[in-house]
Amino acid sequence: MFNGEDTLVIRSGSLNVLVKSVVEGKGQREEKLAGCRVKSEVCIVGSRIPQIPIDPICLASILVREEKRGYHMNNAMDPATTPLGQMLLEEITPVVMILSTPSVEDASLKNGLSFLHTLTPFCSFDNIDVPVRTASDQPYRLHKFKLRLFYASDVRRPDLKVAKDQLKQVITEAGDKEFSAFSSDVPQINHQLSSSSEYQNTPSWFRFLNKELVRVASFSDHEAFDHPVICLLAVSSKDEQPINKFVDLFNSNKLPTLFSDGAMDPKISRRYLLVHDNQDGPMDRASKILTEMRSTFGASDCSLLCINSSLDAPIKHKDNPWASYITDSPTPSQDVGCFLNIDDINEIKDLMQDLSSKHIIPNMEQKIRVLNQQVSATRKGFKNQIKNLWWRKGKEDGADSLNGPTYNFNSIESQIRVLGDYAFMLRDYELALSNYRLISTDYKIDKAWKRYAGVQEMMGLTYFMLDQSRKEAEYCMENAFNTYLKLGSLGQLNATRCGLWWIEMLKARDQYNEAATVYFRICGEDILHSAVMLEQASYCYLLSKPSMLRKYGFHLVLSGEQYKKCDQIKHAIRTYRSALSVFRGTTWSYINDHVHFHIGQWYASLGMYDVAVKHMMEILACSHQSKTTQQLFLGDFLQIVKKTGRMFEVTKLQLPVINISSLKVIFEDYRTFGSPSAAITREGLWRSLEEEMLPSFSAAKSNWLELQSKLISKKHSQSNVCVAGEAVRVNIEFKNPLQISIPISGVTLVCKYSASTDEVRSDENESSVEKDNEVDHFRNMSSDNSAFMVSEVDFLLGGGETTMIQLSVTPRAEGTLEILGVRWKLSGTIVGFHNFELGQPKKNIINGRRKTEHLPNEKFKFMVIKSIPKLQGSVHPLPGKAYAGDLRQLVLELRNPSEFPVKNLKMKISHPRFLIIGKEGKLKSDFPACLRKKTDSVQSDVYANLNIMSDTVFLFPEGTSVQGETPFLWPLWFRAAVPGDISLYLSIYYEMEDVTSVIKYRTLRLHYNVQVLPSLDVSFQISPSRLRLQEFLVRLDVVNKTSSESFQVYQLSSVGHHWEISLLQAPDTIFPSQSLMAGQAISCFFTLKKSRRFSTLEDNLSTLPVRNDVGLLPESCEDLVYNINCAPLVNFHHYERLQQEVSHEGDLNTVDFVLISRPLKSNADPGLFDPPHIMSHHACQFSTASTGPISWLVDGPQTLHHDFSASFCEISLKMHIYNSAGVTTFVRIDTLDSAGNGGHMNSVNVVQSATTDNQPGWHDITPANEVKVTSNVLETQPGKALSLESVSSYIWSGASSTHLYIEAMSSAEIPLQICVFSPGTYDLSNYVLNWKLPSDGNGDSETRQHSGKCQGYKYYLTVLQSTREVSK
């Protein structure tokens, strides 16, 4: 009511509508309607308005509503089109209570429908177009409208237990329906996110369940939108006394308890309907009854409905209007409504539309206007508000009660609530909001918390439908939700409904994270309820922007756990399967295992063992889990497989893990192998070894099949070739990722054979293994096939163990063989297949030409040719372990099981330093006696063996053929040259006499590994003799490097016939115990000089009889000396010289040594199955020359007497010079007179000797693994003389400088003379010898010394005073 001067301001485009009213000068009152927008500005200022009963809030609402209908803001959200708006338009609508007789129900049941279900599809109107005028004089039109129909027996307060059972049934039925629609593949998140609609991303049954959760909270006493607005009474035309039936139907005893309890007004409008079944007869009786009804109840309230007009045959409706409403009917959906023709359906439509537009809506309008006047008169206005507050004063201090005070239907509070709910259902949201605000404070003061929460809930929904303040709407919803929760079980159902509406409100505004939080609050204590809410919360995280995938997957798992607790297994499987879309392909291995494990268990509990096994297989290779967990996973998996009752077969079983990268195919074409180790040796090594043996074709280094291009078609030129009867082997690495042992059995190759070689190439458009029936394909291939034979292996894989298994397939006839994969059996219960994934060749177009690139898996396809000869060979007895220097005689044994002979044999050995080929005649010789000296025919033997060594490829004697069971034998010699792990490779080439064979030649490859242990470390040091030319002192150091073995050092020999060697000590003094114990070291000395037949000096310079072999044991005699100048010792020595690579080739001033030893038989190493008989240690190319080629010797008296009183003493000397160079050398000798005492020993005139301080004599050296020899160079260096007197004691009286040329390998003699002036001992080393070689013009000046200067050796001369002087 406006009194005095009122001001109304509505501003254009603002978010607020401001209404100011000045009432009798007592102040201002402001009302804000947030969120309203208008197009134009309406301003009424200072106008005098007469006293008209009008509410300023209502006026503002009318203006805003009318403006909003024509002018909506761009991009504004229309609440009615949101899921929440649609739900409110469906759930908060007028309720029609139906009372019907059994005859009416019987007539409806002929169509498989109840009477209520018959009417239900026609209660929703999309274009009703009814004008509505509520509290204001401005009408508006309703275009969409809906009625809710309920039997009177269903209009009652909800029972919590019944509601739970009903919801459980809904969830169970949804689980069964969703589970039956499962696909075998896990849903992909990308597909879910690609859709913009929320309902396309979430399960469809969520919407149905949420509606049921809302409906179970219906007919509460604290809200009026579920109160029936009209009662429809239906009586059949064949009922007796139909008028009385109408009266009896509305008997108060049959009405719902809400009427008798006072919660609802029993005086509701009634509509009387007479139902006539046309199958019962004509309408005459019905017409009479209708006339009587209209006279009794009024013409406007009575109607006639005729049904079942189809008398001939049932009708099948193409678009059945009842199909979506009937879910539990036993009648098939196409038969529902089968007796209702189009006229019946149109009549029902007209009935319900008339009921809505002519009865329900007008009655509600009328009641809204009446109630609004009553409320305005009693509660609105300043006086009424003050009176209401005064009357309720003191109630705030009262004690809280869950139920609160009881309000009758005719109380002002109930009337205001009815007014608000009716206005809401007729979409006058401003009127509804004003009344909800009005009653909200009253309920709060009265502590009627359930009613207060209900009003707050409707206020939030009204704000939403008005699209006003979001904060106000969310505040009201949260306030209502919290208040419901405080009521406990009394408000549980309403709290759930409020939460669901609140969630939909947040979703409409894309607030998915906040919506998920509300879902958590709805969960409550009921496990099934919380499971559903957690699942819906997970989809909120999925739909948020950006998507929160981890939270989505995590909450799905939580939901699945809750489903499992309440035995909703199908729902648990569904949520876990959806979670897999998040965790698959990630590193979250533990949660992946958890999900797959439980899905497998749950599928097994449903009897779906095939799918269970599929999921359990995903967790078998769980190496990251503990041992206990691994045992649990594997045990459950095997139990599920056992429950299938059959041998389960799967592809790519994860246990054990197969390392495909280690896969190696070994087959024999022209290459054959004598041992498994030879087959796995790198192919490049064999090719380099065999390169000189294979026929010299132009394409010899390319694919060998190209050599046979005339015999093999171009189509097969890239195929592998194997021989019938010869196995194709595949090495496969199996790994157990678990910590527990697993038994593997029946491991075989899966192969495919074809008798035609044309099928070796698959068609480009066909796949080798069809993915859809991969197991069936493998099962068919693994069946018995007489065309080939496969091996089978059983083994036990320990925890974490990796083992290499070799499988084989042997074709029996010509054709095509293809290896598809491997098959095995795990724990005897499940068969696993692993496909080698044979692919197709890729075709590239290069320069306009198509070029085919063959994939690596082409190695699994073979063209099988007919059987050809194959040599079998071995070397024995080759030790696996030997000491360094061990020398043995071996035998090469070859066999040819084929009936066809082989010829033209060749052989090549990779390491001739360790293994050489012997002579055929010495195969049966006694070893090691055959190595001892017997005759003097050494020279010819040496040359014969060197001829053998000169050939890189050994050719067996012409005419050699191997055939049949008789073995072919050939001697070999083995020597363990150096310590270490040695690999020996032998390749034997042979040709077939069968000219029709595709393969003309083959090679036999042999490979052996020998471990060589350290034995004796041998070193030499050579020093020139000061007494004789071409004579040297040799020091031998021997160290036993073993830890337990003892050896006898048997013999030392110089190689060749240039040198003679003799022992300076008796053997007993060198080896008192006749053996060298473990870790012991000894040294001994020898003299070394040129052999007589090669010496050019005088016979008196070398007179002692010496030899080139020295025995180091007392019992050794000449007959037991080993001949190191004959095979095989000379052969091995030859390769030692090549190995050491010392640059003295052809130098006669070098010497080689061979030390022969043997172990003590009593101390043989038990690890050596065949102890060595003889051991040889080789030291090569030690130089006996100094840095220059000149060596000399001063010859003369050592002591003499002279009478110095008569004259000075003249002494004649001779210098013998030897040129060891291969060319004529220029030599110059310069003598130097001394000062002072002239070399008298007491005069301290000491000249430094010919060698430096660290060169003469012997010194310790560190033994090494290899023989290391240091050549000592004897070179004189002049020292500093301290002259104590100015007169020299002696002088050189001969020529001061002598020049001469000395021929190669020859000697010369130079006379020298000195004069001594006093007795004493003199050092005659003060001379210098210079030499120079002629230039050869080869440019080797950097590697060869052409000139040098040598200081004289120390030569001491003692001159004594003659005794004649004394006698005088």
Side-chain angles (χ1 to χ4, degrees), residues 83-84 87 91 157-179 202-220 402 450 453-454 457 477-478 480-507 512 514-542 551-552 554-576 578-579 598 602:
L84 176 59
M87 183 183 296
E91 300 301 325
R157 290 187 180 94
D159 182 79
L160 186 60
K161 184 176 183 306
V162 174
K164 285 184 178 181
D165 294 339
Q166 182 179 354
L167 291 175
K168 183 177 181 180
Q169 181 181 359
V170 171
I171 295 173
T172 303
E173 292 175 354
D176 296 338
K177 183 178 179 181
E178 293 285 333
F179 192 79
T202 56
S204 59
W205 64 275
F206 281 176
R207 299 190 297 274
F208 178 74
L209 175 66
N210 292 340
K211 288 182 180 179
E212 290 298 319
L213 289 172
V214 171
R215 289 170 181 171
V216 295
S218 302
F219 306 109
S220 179
L402 294 178
K450 188 172 184 179
E457 182 180 7
M477 298 303 292
E478 184 173 10
F481 182 77
N482 293 332
T483 305
Y484 278 134
L485 290 180
K486 291 178 182 179
L487 298 176
S489 60
L490 294 177
Q492 182 177 353
L493 297 179
N494 296 96
T496 301
R497 183 191 65 184
C498 177
L500 292 175
W501 281 343
W502 184 12
I503 288 169
E504 294 299 329
M505 183 184 299
L506 295 172
K507 287 181 179 180
Y512 288 101
E514 292 80 357
T517 304
V518 180
Y519 273 125
F520 299 150
R521 299 174 66 179
I522 296 178
C523 288
E525 298 180 357
D526 184 74
I527 298 177
L528 181 58
H529 184 74
S530 65
V532 177
M533 296 305 149
L534 284 172
E535 184 180 2
Q536 296 193 65
S538 68
Y539 285 97
C540 290
Y541 290 119
L542 176 65
K551 284 190 175 182
Y552 165 67
F554 176 69
H555 288 86
L556 281 176
V557 172
L558 291 179
S559 174
E561 287 293 323
Q562 298 295 90
Y563 278 130
K564 174 60 176 62
K565 291 179 181 178
C566 51
D567 296 329
Q568 295 288 337
I569 303 299
K570 296 179 180 179
H571 279 296
I573 293 175
R574 181 179 51 78
T575 54
Y576 266 53
S578 299
H598 284 84
W602 295 336

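As a basis for the values below, the full set of heavy atoms in this structure was taken, side chains included, without hydrogen atoms, waters or symmetry mates.
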Under the rule for salt bridge (charged side-chain N to carboxylate O under 4.0 Å, His left out), what residues qualify as partners of Asp567, not counting sequence neighbours? none
Indicate yes or no: at least one non-hydrogen side-chain atom of Ser578 is less than 4.5 angstrom from one of Tyr552. yes
Kindly give the heavy-atom pair with the smallest separation between Lys507 and Ala515, and that separation in Å. CG-CB, 4.2 Å
Tyr563 versus Arg574, closest heavy-atom pair with distance: OH-NH2, 3.9 Å
For Lys565, what residues pass the salt bridge (charged side-chain N to carboxylate O under 4.0 Å, His left out) criterion, not counting sequence neighbours? none
According to salt bridge (charged side-chain N to carboxylate O under 4.0 Å, His left out), who are the partners of Glu91, at least two apart in sequence or on a separate chain? Arg215
Answer yes or no: is there a side-chain heavy-atom contact under 4.5 Å between Tyr576 and Lys564? no
Spatial distance of atom CD (Glu173) from atom CZ (Phe208) [nearest 0.5 Å]: 7.5 Å
Using 0.5 Å steps for rounding, measure from the CD1 atom of Ile503 to the SG atom of Cys540. 6.5 Å
Just do the side chain to side chain contact (heavy atoms under 4.5 Å, CB included) check on Arg497 and Asn494 with the steps written out, would you? CA-CA 5 Å; Arg497 183 191 65 184; Asn494 296 96; 3.5 Å; yes
Please verify the inter-ring angle class for Tyr541 with Phe520; under 30° counts as parallel, over 60° as perpendicular, anything in between as tilted. tilted
Between the side chain of His571 and the main-chain N/O of Ile171, is any donor-acceptor distance below 3.5 Å? yes
Let me confirm one number: the OH-OH distance from Tyr519 to Tyr512, rounded to the nearest 0.5 Å. 10.0 Å
State the CG-NZ distance between Leu542 and Lys551, to the nearest 0.5 angstrom. 14.0 Å
Could you pull out the closest heavy-atom pair between Cys523 and Met533, with the gap in Å? SG-CB, 3.7 Å
Tell me, with the steps shown, if Gln536 and Asn210 meet side chain to side chain donor-acceptor pair (under 3.5 Å). CA-CA 10 Å; Gln536 296 193 65; Asn210 292 340; 3.2 Å; yes
A side-chain contact here means heavy atoms from C-beta on lying under 4.5 Å apart; do Val518 and Glu514 qualify? no
Scanning both residues in full, the closest heavy-atom pair of Ala480 with Glu457 reads CB-N, 3.5 Å
Just verifying a value: how many Å separate Thr172 OG1 and Gln169 CD, rounded to the nearest 0.5 Å? 7.5 Å
Could you check if a side-chain atom of Leu500 sits within less than 4.5 angstrom of a side-chain atom of Thr496, using non-hydrogen atoms only? yes
Looking at every non-hydrogen atom in both residues, tell me the closest pair between Lys450 and Tyr484 and how far apart they are. O-CE2, 4.1 Å
Could you pull out the closest heavy-atom pair between Leu556 and Ala579, with the gap in Å? CD1-N, 3.7 Å
Yes or no on side chain to side chain contact (heavy atoms under 4.5 Å, CB included) for Arg521 and Asn482, after CA distance, side-chain angles and deciding distance? CA-CA 10 Å; Arg521 299 174 66 179; Asn482 293 332; 2.5 Å; yes
Quick check: are there more than 12 heavy atoms from other residues, nucleotides or ligands sitting under 6.0 Å from CZ of Phe554? no
Rounded distance (nearest 0.5 Å) linking atom CD1 of Ile522 with atom NE2 of His529: 6.0 Å
Donor-acceptor contact below 3.5 Å, side chain Ser559 vs main chain Ala531: yes
Short side-chain donor-acceptor distance under 3.5 Å, Gln562 and Ser530: yes
